Novice: 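Supplied in structure tokens, the structure appears directly below.
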Amino acid sequence: MDQFAQQDATGLARLVASGDVHPRELVEAAIGRIERVDLQINAVVHRRFDRALDEASNLAMGGAFRGVPIVLKDLGAPMAGEPLHAGMRAAKAAGWVSGHSGAVTSRLCDAGFIVLGRTNTPELGTTITTEPIAYGPTRNPWNLERSAGGSSGGSAAAVASGMVAVAHGSDGGGSIRIPASNCALVGLKPSRGRVSKAPDRGESWMGCSTDGALTRTVRDAAAVLDVLAGPEVGDPYCAPPLPGPLREEVGRPPGRLRIGVLDHPPASAHSANPVASAAVHSAAELLDELGHHVESAFPEALKDEQYSQRFLAVVAAGVATDLLDWERRLGRTISDEELEPDNAALRAAGRSMTAPEYLEVVNWLHAFSRRVTMWWAEGWDLLITPVLNGPPPALGWLSDPGHSAQRVVELAAYTSQFNVTGQPAISLPLHWHEGMPIGVQLVATAGREDLLIRVASQLEGSHPWDDRYPTFES
């Protein structure tokens with residue numbers, strides 16, 4: 001590894017700001033790492049190295065992250081003149097290129113980040129492992145036979161393997177937090193409406209989906225969200241303003257908090273994985289040692305057995321709509337044979353739903369959200385849960401067409417509920433099992449990313465994780 005590989009984005013930005021390093025040096029080093037490492041990982045599926053080098057040579061470039069390399073997930077965050085394929089064979093075959101940039105991309109570039117390329121994602125971002133037929137599987141840097149997670153798996157693997165210090169991701173049901181858990185990273189899912197989807201969307205998946213980043217450190221998670229946060233003209237809603245820059249919350253004492261612990265899947269159909277439960281109890285002990293009030297407690301509404309099917313209906317409607325958009329872009333119909341089987345089934349389910357049926361689902365989920373979030377209104381500050389109901393699975397286990405849907409629901413038992421409620425949540429790499437990371441999730445009430453950052457930095461300070469790096473041959 002070169003001298004920059006173990007720096008976080010904030011550290012790299014400081015090197016540039018001090019004049020010790022030129023942005024081109026950072027970009028050249030990151031390109032070298034990608035060319036060396038990605039042969040095994042398969043994280044970066046589109047490369048724009050020549051343009052990135054040209055941008056790094058621009059002396060007029062400014063911003064808080066001037067010259068820091070970044071990669072964008074190949075789902076959302078369009079960039080003018082660059083490919084965007086969403087893990088789809090049809091878009092890849094057409095060589096689809098975006099005609100404009102989205103607000104997320106523009107804000108990252110305005111902050112001085114230099115985009116090196118786009119990262120692998122499952123087709124349409126609908127599962128929690130990154131193994132699309134279009135581009136092949138992304139491998140977990142901690143064990144090349146394991147899943148890096150999804151749908152931001154390519155981004156997580158790129159950061160965990162040291163290719164870049166930070167990567168864009170998005171999260172509609174756990175897609176930042178799950179790859180962060182699998183790859184030993186910090187994964188912050190912002191509150192609903194914190195990050196704009198302009199200009200193409202007001203919301204996605206009933207407002208469940210949001211953009212964010214995969215980072216190594218809490219201070220990077222805070223500083224990148226500072227860049228992304230804030231409404232654009234015409235947004236249908238926005239999150240309540242934060243009290244100040246999130247980067248200033250790093251290291252700020254959170255006070256003594258009341259924290260509930262959920263160590264088992266709330267729905268009775270699934271049993272608790274002992275490794276995931278152990279991870280939560282270990283984190284709970286850390287929080288107790290830090291002076292917080294910690295006890296077994298969680299919102300009773302999370303037990304509702306109807307939840308999974310209602311959320312799945314929103315995903316199905318979203319997939320059907322997304323494919324209509326792609327058919328308009330490509331100017332032709334996309335057949336079921338061009339889709340992976342689970343997405344063909346989701347499109348069929350979405351197409352079969354009537355408008356009243358869909359709105360009934362939306363109303364049910366809004367009521368569910370009120371029931372869940374009432375727990376925080378009653379005096380709780382945080383909920384701590386596993387991110388996944390078990391360690392990172394082997395590649396192929398979640399993409400088996402005969403069993404994938406059931407396995408995804410069983411493994412991803414803790415994340416999508418907080419996409420529906422719109423609450424901020426963060427995955428922290430606090431536990432390990434047989435050489436593999438096991439993330440722990442903290443959930444705050446809506447709009448309180450500041451509290452998450454305070455507690456996350458407190459845990460990072462007492463139980464640091466930045467001295468661990470994968471040791472695969474590169």
Side-chain angles (χ1 to χ4, degrees), residues 42 45 73-76 85-93 119-138 146-154 170-179 182 204-206 208-209 267 269-270 307-327 330 333-353 357-358 361 388-390 392-417 419-420:
N42 189 36
V45 294
K73 180 180 179 180
D74 195 28
L75 183 72
H85 297 164
M88 295 175 59
R89 285 172 286 171
K92 180 183 179 182
T119 59
N120 204 11
T121 185
E123 185 181 77
L124 297 169
T126 54
T127 190
I128 60 170
T129 188
T130 300
E131 305 176 43
I133 294 173
Y135 285 102
T138 292
R146 296 276 175 171
S147 170
S151 60
S152 305
S170 57
D171 192 318
S175 291
I176 288 174
R177 291 158 289 161
I178 290 169
N182 283 7
S204 178
W205 287 13
M206 200 196 84
C208 292
S209 180
H270 308 300
Y307 166 75
S308 292
Q309 284 302 115
R310 305 282 183 157
F311 178 69
L312 187 62
V314 168
V315 175
V319 168
T321 303
D322 288 344
L323 285 168
L324 281 175
D325 286 345
W326 275 107
E327 288 177 336
L330 300 179
T333 300
I334 299 172
S335 68
D336 281 354
E337 289 69 30
E338 295 175 273
L339 297 172
E340 295 176 20
D342 285 348
N343 284 327
L346 283 169
R347 175 168 69 172
R351 283 173 168 176
S352 70
M353 207 181 313
E357 287 171 340
Y358 176 74
V361 167
L388 282 176
N389 191 29
L395 285 169
W397 191 76
L398 286 169
S399 57
D400 180 341
H403 303 92
S404 56
Q406 177 185 348
R407 288 173 176 175
V408 167
V409 170
E410 184 173 349
L411 194 60
Y414 300 98
T415 52
S416 66
Q417 297 93 328
N419 295 82
V420 169

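Please read these numbers as outputs of a predicted model, since none were measured by experiment.
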Novice: Ignoring hydrogens and geometry beyond distance, is a side-chain donor-acceptor pair present between Thr130 and Thr138 at under 3.5 Å?
Specialist: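 No, no side-chain donor-acceptor contact under 3.5 Å.
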
Novice: Leu124 vs Leu323, test: side chain to side chain contact (heavy atoms under 4.5 Å, CB included). Steps then yes/no.
Specialist: CA-CA 9 Å; Leu124 297 169; Leu323 285 168; 3.9 Å; yes

Novice: Provide the closest heavy-atom pair for Ser175 versus Ser152 in the form atom of the first, atom of the second, distance.
Specialist: O-OG, 2.8 Å

Novice: Scan side-chain atoms only and decide if Ser416 and Tyr307 contain a donor-acceptor pair under the 3.5 Å cut-off.
Specialist: yes

Novice: Using every non-hydrogen atom in the two residues, find where Ser147 and Leu395 come nearest and quote the distance to one decimal.
Specialist: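 Looking at all heavy atoms of both residues, the closest pair is CA-CD2, 3.8 Å.
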
Novice: Check for a donor-acceptor pair, side chain of Thr121 on one end and backbone N or O of Ser151 on the other, with a separation under 3.5 Å.
Specialist: yes

Novice: Can you tell me how far CG of Leu346 sits from CG of Leu339, rounded to the nearest 0.5 angstrom?
Specialist: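 Between atom CG of Leu339 and atom CG of Leu346 there are 10.0 Å.
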
Novice: Please check if the side chain of Asn120 supplies one atom and the backbone of Gly153 the other of a donor-acceptor pair under 3.5 Å.
Specialist: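 No, Asn120 side chain to Gly153 backbone: no donor-acceptor pair under 3.5 Å.
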
Novice: For Ile334 and Met88, run side chain to side chain contact (heavy atoms under 4.5 Å, CB included): C-alpha distance rounded to whole Å, both residues' side-chain angles, the deciding distance at 0.1 Å, then the answer.
Specialist: CA-CA 10 Å; Ile334 299 172; Met88 295 175 59; 3.7 Å; yes

Novice: Please verify the inter-ring angle class for Phe311 with Trp205; under 30° counts as parallel, over 60° as perpendicular, anything in between as tilted.
Specialist: perpendicular

Novice: So among Asp342, Leu398, Thr129, Ile128, which one has a side-chain contact (heavy atoms from CB on, under 4.5 Å) with Ser404?
Specialist: Asp342

Novice: I need the Ser204 OG to Leu75 CG distance, nearest 0.5 Å.
Specialist: 8.0 Å

Novice: Is a donor on one side and an acceptor on the other found under 3.5 Å between the side chain of Glu338 and the backbone of Ser335?
Specialist: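 Judged by distance alone, yes, a pair lies under 3.5 Å.
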
Novice: Roughly how far, to the nearest 0.5 Å, is the CD atom of Glu131 from the CD atom of Glu340?
Specialist: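 Answer for the CD-CD pair, Glu340 versus Glu131, is 9.5 Å.
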
Novice: Quick one: salt bridge (Lys or Arg N to Asp or Glu O under 4.0 Å) partners of Glu327, sequence neighbours excluded?
Specialist: Arg347

Novice: Look at the side chain of Glu123 and the backbone N and O of Asn343, then say whether any donor-acceptor pair between them is shorter than 3.5 Å.
Specialist: no

Novice: Roughly how far, to the nearest 0.5 Å, is the CE atom of Met206 from the OH atom of Tyr358?
Specialist: 6.5 Å

Novice: Does the Asn419 side chain pair with the main chain of Asp171, one donor and one acceptor, at a distance under 3.5 Å?
Specialist: yes

Novice: Is the number of heavy atoms from other residues, nucleotides or ligands within 6.0 Å of CD (Gln309) greater than 12?
Specialist: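 No, CD of Gln309 has 12 or fewer neighbouring heavy atoms, counting only those of other groups under 6.0 Å.
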
Novice: Please report the closest heavy-atom contact between Val409 and Ser308, naming both atoms and the distance.
Specialist: CG1-OG, 4.3 Å

Novice: Heavy atoms only: give me the nearest Ala134-Gly87 pair and the separation to one decimal.
Specialist: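 Smallest heavy-atom distance, with atoms named: CB-O, 3.5 Å.
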
Novice: Drop me the distance from Ile176's CD1 to Thr415's OG1, to the nearest 0.5 angstrom.
Specialist: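 Nearest 0.5 Å value for the CD1-OG1 distance: 11.5 Å.
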
Novice: Compare every heavy atom of Lys92 with every heavy atom of Tyr135, then report the nearest pair and how far apart it is.
Specialist: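 It is OH-CG, 3.4 Å.
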
Novice: Walk me through whether Ile133 and Arg89 qualify under side chain to side chain contact (heavy atoms under 4.5 Å, CB included).
Specialist: CA-CA 7 Å; Ile133 294 173; Arg89 285 172 286 171; 3.6 Å; yes

Novice: Looking at every non-hydrogen atom in both residues, tell me the closest pair between Gly136 and Asn42 and how far apart they are.
Specialist: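 In this case the closest contact between Gly136 and Asn42 is O-ND2, 3.4 Å.
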
Novice: Short question: side chain of Gln417, backbone of Ala413 - any donor-acceptor pair under 3.5 Å?
Specialist: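 At least one qualifying donor-acceptor pair exists.
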
